Amino acid sequence: MGTFTKRTHTCGELRASDTGKTVTLNGWVQVRRDLGGVIFIDLRDRYGKTQVVFNPGRNPGAHSIAEGLRSEYVVSVTGLVERRPQGTENPDLQTGEIDIMVERVEVLSKAETPPFQIEEEIDAGEDLRLKYRYLDLRRPPLQEALLMRHQVYQIVHSYFDSLGFIEIETPILMKSTPEGARDYLVPSRIHRGKFYALPQSPQTYKQILMVAGFDRYVQIVKCFRDEDLRADRQPEFTQIDLEMSFVDEEEIWGVVEGLLAEVFREVKGLTIPLPLPRMTYREAMETYGSDKPDVRFGLALTCVNDLVRECGFRVFSDVVTSGGVVAGFVVPGAAGFTRNQMDTLVDYTKSLGAGGLVYCRWTEKGIETAVEKFLGKGLVESIARRMGAVQGDLILLVSDTWRKAYTILGTLRLEMARRQRLIDESLVKLLWVTEFPMFEYDEAEKRYVAMHHPFTSPNPPDADRLETAPDSVRARAYDLVLNGNELAGGSIRIHDSVMQQRVFSLLGIGEQEAKEKFGFLLGAFKYGAPPHGGIAFGFDRLIMLLTGARSIREVMAFPKTASAISLMDDSPGEVDERQLRDLHIRIV
RNA sequence: GGGGCCGUAGCUCAAUUGGUUAGAGUACCAGAUUGUCGAUCUGGAAGUUGCGGGUUCGAGUCCCGUCGGCCUCGCCA
């Protein structure tokens with residue numbers, strides 16, 4: 001008990017050149033193939049697999065132990081590396097030229113039959129895989145994802161270190177702030193009725209670090225947001241967070257582009273052409289219907305407002321008159337969609353919040369559309385021409401307010417691209433989206449909210465209009481977009497306490513509240529704040545895109561489900577009365 | 001909070017309009033088998049059809065509720 005024969009090699013490293021050595025391997029039994037006489041076992045660790053052979057003629061003791069081995073037993077085997085007999089080599093295995101002829105075998109740990117097989121590809125349900133995460137993590141795809149994640153950590157650390165960035169940890173227990181995502185709260189035992197919040201991001205701390213003079217800060221840091229989840233969103237996730245002083249957008253973008261180029265070169269062997277293309281928010285919305293456009297495919301949007309302004313179809317003309325948008329896009333070769341398929345598409349569009357979907361099928365019989373009687377044949381043809389449609393195409397049109405029309409078209413554009421298989425998954429399309437609006441009007445709260453965050457600097461030429469025309473004020477904010485995913489977002493910050501106060505008051509954060517919630521930041525700004533800005537990467541998302549995983553859960557060791565539950569350890573869990581009492585909390 | 005899909009053997013799935021004893025593949029167990037590597041052959045065991053209620057002579061199938069998983073809209077500064 002307690003001692004075992006330690007490995008001399010891993011299960012992935014022995015080659016024909018090692019023939020004749022006596023070696024010891026430690027690992028898991030992948031599979032046992034019992035041919036009655038000879039028994040084969042594939043021994044697995046994270047480095048690979050090696051076939052070990054038990055021959056009753058050569059070592060009856062080891063052979064009889066091998067009869068009792070089962071999948072996922074942990075064993076130590078010692079034996080001679082031999083070249084496999086001619087014709088029995090396995091080219092699929094890196095170690096496929098050799099066998100270990102076992103002289104001695106120790107069972108280090110037995111294993112129950114696992115609920116699913118530990119193989120490269122499995123079709124087990126994801127809930128089962130999450131419950132037995134320690135088994136799922138034995139599978140090569142997950143091991144490779146976490147290995148790549150590790151490699152990117154190392155690149156990030158060395159890249160920023162080489163540029164003079166300093167890694168500084170910021171608190172996990174901080175103060176709840178009123179803006180942004182819902183906070184995860186931690187009740188204070190010592191201070192009855194008070195709560196810490198887990199950071200949505202270390203935003204305020206890194207700005208304070210700039211005031212403190214650490215002009216280049218970076219951190220790979222956990223962040224927490226108590227919002228509903230998605231395939232690419234988890235309640236806790238990791239950011240590469242950075243902030244720089246005495247810089248403008250160009251320098252930050254340069255640093256970020258350099259990092260991306262290095263990551264893609266090191267882990268994918270890809271050269272990213274720099275500088276990355278840039279697109280304004282407005283252009284992104286009006287061309288792709290998204291502030292994170294996927295530019296791997298076309299289906300660009302076209303506005304036809306001028307054509308339909310005076311038309312007899314009220315659904316179009318009224319929208320234009322009231323400042324909205326009639327726009328759409330062409331799906332090449334989709335004129336053959338059936339009535340049934342179109343009905344489904346119309347329903348889908350309505351489920352996105354649209355009043356309806358106007359479509360025109362350009363078949364060999366001409367352009368067919370239900371709205372021809374309202375628009376007239378000539379106008380229908382004008383629209384088709386404007387949009388660049390040809391025979392065989394399907395035209396989709398939506399009319400609504402600027403934001404709704406483009407947002408709905410953006411979602412529809414993605415959906416059609418998927419259905420028509422227009423997305424080349426091998427492409428890597430990165431771009432900057434710039435000139436975001438400073439504010440969005442929140443209908444539910446009847447007030448303006450910061451589109452990025454309340455510390456974002458307004459575009460200097462627009463700053464005069466902060467109070468008079470807040471809708472028209474652009475922010476010095478920028479997002480980095482990869483294949484339609486928001487990969488990073490940042491801004492040049494406000495470093496002036498007067499400007500910061502103006503923005504707070506526009507957001508409906510009164511002087512009193514500002515002092516309570518952000519007094520420390522405003523205070524810091526009074527003592528000499530350098531101009532500064534920064535950005536934060538969604539680290540998990542980056543790894544997800546690098547590995548081609550279709551969910552962020554595939555690149556995290558211990559993810560939660562869409563309902564924020566960890567099926568393995570069953571968190572969140574209940575706590576006992578005593579703990580609640582200590583925290584001055586009662587369940588209602 | 002809304003919408004959609006799903007839940008049957010350890011696992012992945014099947015089961016006509018509600019109708020006999022709920023099947024298959026795989027995994028598992030036993031036997032056979034001395035060069036397999038998705039081993040093979042023979043046999044076996046394996047089910048609270050997520051859970052609770054209802055309708056019915058009869059429910060895996062229909063209805064209501066509930067739990068869980070995935071996707072998505074809102075939300076996510």
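Labels below follow one simple rule: chain letters A, B, ... track the order of the sequence lines, proteins then strands, and each chain is numbered from 1. On a predicted model such as this, the values are computed, not experimentally measured, just so you know.
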- Just call it for Arg553(A): base, sugar-phosphate, or nothing, with non-hydrogen atoms closer than 4.0 Å on any strand. sugar-phosphate
Using only heavy-atom distances, decide whether a donor-acceptor pair under 3.5 angstrom links the side-chain of [X] to the base of [N].
{"X": "Arg84(A)", "N": "U36(B)", "result": "yes"}
{"X": "Asp228(A)", "N": "C76(B)", "result": "no"}
{"X": "Asp99(A)", "N": "G35(B)", "result": "yes"}
{"X": "Arg230(A)", "N": "G74(B)", "result": "yes"}
{"X": "Gln51(A)", "N": "U36(B)", "result": "yes"}
{"X": "Arg233(A)", "N": "C75(B)", "result": "yes"}

- Query: Looking at the rings of Phe237(A) and Phe224(A), which for Trp means the six-membered one, are their centres under 6.0 Å apart?
  - Reply: no
- Message: If we count only N and O atoms by modelled type, under 3.5 Å, do the side chains of Ser176(A) and Asp183(A) hold a donor and an acceptor together?
- Response: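 The criterion, which ignores hydrogens and geometry beyond distance, is satisfied for Asp183(A) and Ser176(A).
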- Item | Exercise: do Arg465(A) and Ser472(A) side chains pair donor with acceptor under 3.5 Å |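 A pair is found: one side chain offers a donor N or O, the other an acceptor, under 3.5 Å apart.
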Starting from [atom2] on [N], measure out to [atom1] on [X] and report it in whole angstrom.
{"X": "Asp136(A)", "N": "U12(B)", "atom1": "CG", "atom2": "C1'", "result": "15 Å"}
{"X": "Lys49(A)", "N": "C37(B)", "atom1": "NZ", "atom2": "C1'", "result": "9 Å"}
{"X": "Leu128(A)", "N": "U8(B)", "atom1": "CG", "atom2": "P", "result": "11 Å"}

When rounded to the nearest Å, what value does the distance between [atom1] atoms of [N] and [M] take?
{"N": "U26(B)", "M": "G65(B)", "atom1": "C1'", "value": "36 Å"}
{"N": "U55(B)", "M": "A15(B)", "atom1": "P", "value": "28 Å"}
{"N": "U61(B)", "M": "G50(B)", "atom1": "P", "value": "8 Å"}
{"N": "C63(B)", "M": "U16(B)", "atom1": "P", "value": "16 Å"}
{"N": "G43(B)", "M": "G38(B)", "atom1": "P", "value": "24 Å"}
{"N": "G7(B)", "M": "U49(B)", "atom1": "P", "value": "15 Å"}
{"N": "U66(B)", "M": "A24(B)", "atom1": "P", "value": "37 Å"}

- Task: Report the nucleotide, chosen from G68(B), A27(B), C71(B), that has the shortest atom-to-atom distance to any side-chain atom of Ala562(A).
- Result: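 Closest nucleotide among those given: C71(B).
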- Task: Respond yes when some side-chain nitrogen or oxygen of Thr88(A) is under 4.0 Å from OP1 or OP2 of U36(B), and no when none is.
- Result: no
- For C29(B), take OP1 and OP2 only and decide whether either is under 4.0 Å from a side-chain N or O of Arg70(A). yes
- Kindly give the heavy-atom pair with the smallest separation between Glu486(A) and Lys292(A), and that separation in Å. N-CD, 3.9 Å
- Query: Honestly, is Arg413(A) close enough over Phe297(A), meaning NZ or CZ under 6.0 Å from the six-membered ring centre and within 45° of the axis?
  - Reply: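 Yes.
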